[in-house]
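Structure first, then comments.
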There are 2 protein chains.
Amino acid sequence: MARLSDIIESFLKEMIIEEEGTVEIQRNELASKFNCVPSQINYVISTRFTADKGYYVESRRGGGGYISIKRLNIDSDNDYLMHIITSIENRISQLTAEVFIQNFVDYNIIKPREAMLLKAATSDKVLMLVPVERRDEVRAAILKNMLMGLTVL
Amino acid sequence: MARLSDIIESFLKEMIIEEEGTVEIQRNELASKFNCVPSQINYVISTRFTADKGYYVESRRGGGGYISIKRLNIDSDNDYLMHIITSIENRISQLTAEVFIQNFVDYNIIKPREAMLLKAATSDKVLMLVPVERRDEVRAAILKNMLMGLTVL
DNA sequence: GTTTATAATAGTCAGAGATAGTCAAATAAG
DNA sequence: CTTATTTGACTATCTCTGACTATTATAAAC
């Protein structure tokens with residue numbers, strides 16, 4: 001018997017194709033369509049629609065809440081970005097992050113202003129409140145998410 | 001289902017644009033136009049048209065009462081940014097941050113791609129590894145630092 | 001004119017409703 | 001045995017509602 005997660009995965013992927021790259025769902029609705037608990041939707045998303053695999057996920061709670069999944073475009077800039085994203089480990093130092101960012105500017109993948117935003121968001125200064133032992137992990141998460149976004153917009 | 005609050009918000013914002021910076025409404029009238037309780041109007045105003053976000057709200061009760069919303073003049077992008085930066089407390093929720101960011105886009109202070117970077121860097125998703133009691137503080141630090149950068153570059 | 005009553009507004013706040021997220025235990029698959 | 005999946009209890013966040021309160025204008029009474 002096919003796994004439910006796989007079924008939900010392909011359902012979402014088909015919708016993404018139909019909608020040309022993006023889908024917006026309501027978690028509970030989708031769950032009841034497949035007769036499963038809502039948290040299974042989270043499971044599917046977190047195992048199959050990860051950044052590594054080229055998807056960008058946003059959500060909002062409360063009345064009218066939603067989950068949206070966007071498939072990243074694949075062109076050469078994005079290829080390069082994706083390559084970098086997957087190469088970033090779970091932790092990254094400020095210095096290494098800056099080197100990556102500078103490379104993007106040098107290769108004309110991002111504008112200086114965008115580079116500044118990336119640097120500002122990943123500097124030690126800003127992560128002072130994060131316990132030292134977690135700092136590089138948080139930095140990696142921020143950087144990856146920002147780069148992911150760049151591949152979409 | 002789209003959120004009523006969002007619909008009312010855009011209705012008001014459009015009126016503000018049409019009327020060149022100001023709108024005056026009657027709470028009950030607006031509420032019945034959108035088939036909601038009057039206090040929902042207060043909710044929309046208090047979550048989307050705060051002083052922090054560059055709006056000035058006045059009202060008056062009693063016969064002929066009204067609510068007026070004025071958009072503050074933005075002399076220069078930097079002034080506006082500085083105004084926002086100083087108004088941000090030491091902690092900020094994801095939603096509040098998003099509203100700020102959207103306002104920057106609406107006012108043409110930043111580009112959509114830059115907005116995406118700001119959102120990506122301040123989302124809960126990315127701050128998962130930060131202890132929840134510190135999360136809003138870290139978010140505020142990141143946001144402020146990024147905005148500071150924008151005033152320079 | 002001043003005072004008082006009434007009607008017409010708007011404001012506040014707590015709770016209900018509507019979503020989505022997290023995490024760990026139970027179960028199934030490989 | 002190890003890993004992946006499924007489940008559900010608990011939590012977090014955002015929105016909507018309604019009862020109660022506060023303020024202002026206007027009309028009525030004096």
Side-chain angles (χ1 to χ4, degrees), chain A residues 1-12 23-50 53 57-69 141 145, chain B residues 1-12 23-51 53 56-69 91-100 102 119 122-136 139:
Chain A
M1 182 179 64
R3 286 184 234 76
L4 221 205
S5 289
D6 292 342
I7 297 173
I8 295 172
E9 177 189 6
S10 19
F11 175 80
L12 287 172
V23 66
E24 186 168 313
I25 54 160
Q26 296 211 283
R27 191 181 75 150
N28 290 350
E29 194 186 303
L30 190 62
S32 76
K33 182 187 198 91
F34 288 104
N35 263 305
C36 64
V37 294
S39 58
Q40 176 136 20
I41 307 302
N42 297 85
Y43 176 72
V44 172
I45 287 174
S46 66
T47 55
R48 275 111 158 132
F49 293 90
T50 60
K53 294 180 176 128
V57 179
E58 283 178 316
S59 68
R60 186 156 164 189
R61 310 186 192 191
Y66 62 83
I67 300 177
S68 92
I69 307 176
N145 200 45
Chain B
M1 183 179 58
R3 286 175 225 83
L4 223 204
S5 291
D6 292 347
I7 296 173
I8 295 173
E9 177 190 6
S10 15
F11 175 80
L12 289 172
V23 66
E24 186 167 312
I25 54 161
Q26 296 212 284
R27 191 181 75 149
N28 291 348
E29 193 186 305
L30 190 62
S32 76
K33 180 188 197 91
F34 288 104
N35 261 307
C36 63
V37 294
S39 58
Q40 176 136 20
I41 306 302
N42 298 86
Y43 175 72
V44 172
I45 288 174
S46 67
T47 54
R48 277 110 156 132
F49 294 92
T50 61
K53 287 156 199 151
Y56 181 66
V57 179
E58 280 178 317
S59 67
R60 193 151 171 191
R61 310 185 193 193
Y66 61 87
I67 301 178
S68 91
I69 307 176
R91 26 181 60 250
I92 188 172
S93 73
Q94 173 177 345
L95 186 67
T96 309
E98 274 185 19
V99 175
F100 279 129
Q102 189 52 49
K119 280 189 206 164
T122 57
S123 73
D124 270 343
K125 192 168 84 179
V126 124
L127 299 176
M128 277 271 285
L129 294 169
V130 179
V132 77
E133 67 274 16
R134 274 302 172 84
R135 208 168 281 165
D136 285 354
R139 185 185 348 262

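Labels below follow one simple rule: chain letters A, B, ... track the order of the sequence lines, proteins then strands, and each chain is numbered from 1.
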* Base, sugar-phosphate alone, or nothing: which one does B:Gln26 contact when heavy atoms must sit under 4.0 Å apart? ->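 The answer is sugar-phosphate, as B:Gln26 gets under 4.0 Å only of primed atoms, P, OP1 or OP2.
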Would you mind reading off the distance between [X] atom [atom1] and [N] atom [atom2], rounded to a whole angstrom?
X        : N      : atom1 : atom2 : answer
B:Asp6   : D:dT15 : CG    : P     : 6 Å
B:Arg135 : C:dG21 : CZ    : P     : 13 Å
B:Ile45  : C:dG11 : CD1   : P     : 7 Å
B:Glu133 : D:dA12 : CD    : P     : 11 Å
A:Leu30  : C:dA20 : CG    : P     : 10 Å
B:Leu129 : C:dT22 : CG    : P     : 11 Å
B:Gln94  : C:dA20 : CD    : C1'   : 12 Å
B:Leu4   : C:dA18 : CG    : P     : 14 Å

Residue pair [X] / [Y], side-chain heavy-atom distance below 4.5 Å:
X       : Y       : answer
B:Leu12 : B:Leu30 : yes
B:Lys33 : B:Phe11 : yes
B:Asp6  : B:Arg48 : yes
B:Arg3  : A:Arg60 : yes
B:Thr50 : B:Val99 : no
B:Ser59 : B:Ile45 : no

Are any of [X]'s side-chain N or O atoms less than 4.0 Å away from OP1 or OP2 of [N]?
X       : N      : result
A:Arg3  : C:dG30 : yes
A:Arg48 : D:dT5  : yes
B:Thr47 : D:dC14 : no
B:Asn28 : C:dA10 : yes

* Between B:Val132 and A:Ser5, which has a closest nucleotide on DNA chain D that is more 5'? ->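 Here A:Ser5 is the residue nearer the 5' end.
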* Just by distance, do the side chain of A:Gln26 and the backbone of A:Gly65 share a donor-acceptor pair under 3.5 Å? ->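 Yes; at least one donor-acceptor contact below 3.5 Å.
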* Residues, nucleotides or ligands: over 12 heavy atoms within 6.0 Å of B:Lys125 NZ ->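 Buried by this count: over 12 neighbours within 6.0 Å.
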* Will you find, in the side chains of B:Gln102 and B:Glu98, an N or O donor that is under 3.5 Å from an N or O acceptor? ->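 No, no side-chain donor-acceptor pair sits under 3.5 Å.
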* Among D:dC16, C:dT22, D:dT24, find the nucleotide with the atom closest to the side chain of B:Arg60. =>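 Within the option list, the nearest is D:dT24.
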* Members of residues 61-68 of chain B that approach DNA chain D, where some heavy atom sits under 4.0 Å away ->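 Contacts with DNA chain D under 4.0 Å: B:Arg61, B:Gly62, B:Gly63.
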* To do: Strictly below 4.0 Å, heavy-atom distances to any atom of DNA chain D: list the hits from residues 35-43 of chain A, or just say none.
  =>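 Heavy-atom cutoff 4.0 Å gives A:Cys36, A:Val37, A:Ser39, A:Gln40, A:Tyr43.
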* **Results of side-chain contact (heavy atoms from CB on, under 4.5 Å) for B:Ser68 - residues two or more places apart only** =>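 Partners of B:Ser68 under the side-chain contact (heavy atoms from CB on, under 4.5 Å) test: B:Glu24, B:Glu58, B:Tyr66.
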